[in-house]
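Taking it in order: structure first as structure tokens, then the write-up.
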Amino acid sequence: MSVLRVILAIILPPLAVCDKGCGSFLIVFLLTLLGWVPGVIGALIILNNN
């Protein structure tokens, strides 16, 4: 997980996980629509998984 990805996950969570697949993007997008904090948490969890 690079520093650039973490910063991008904090600012725009769906863009940080766009290369992880369509499912991850949709999950983070929906979480971001529900609130910014759940979207950031979801993006950081997805980025942290190998």
Side-chain angles (χ1 to χ4, degrees):
M1 189 164 46
S2 69
V3 175
L4 181 63
R5 289 276 181 163
V6 172
I7 293 171
L8 191 59
I10 293 171
I11 296 172
L12 294 169
L15 291 180
V17 296
C18 65
D19 65 336
K20 299 291 184 180
C22 184
S24 297
F25 179 80
L26 285 175
I27 290 170
V28 173
F29 182 73
L30 291 174
L31 285 171
T32 305
L33 286 178
L34 292 173
W36 177 73
V37 174
V40 170
I41 293 170
L44 289 175
I45 289 172
I46 290 173
L47 288 175
N48 197 25
N49 290 337
N50 290 332

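- For the atom pair CG of Leu47 and CZ of Arg5, the computed distance is 6.5 Å after rounding to the nearest 0.5 Å.
- Note: the hydrophobic cluster containing Ile11 also contains Val3 (ILVMFWY, side chain heavy atoms under 4.5 Å, direct or indirect links).
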Identify every side-chain donor-acceptor pair in residues 23-43 under 3.5 Å, counting partners at least two apart or on other chains, and give the distances.
{"from": "Thr32", "atom 1": "OG1", "to": "Val28", "atom 2": "O", "distance (Å)": "2.7"}
{"from": "Trp36", "atom 1": "NE1", "to": "Ile10", "atom 2": "O", "distance (Å)": "3.0"}

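- Here Leu15 pairs with Leu8, Leu12 under the side chain to side chain contact (heavy atoms under 4.5 Å, CB included) rule; sequence neighbours left out.
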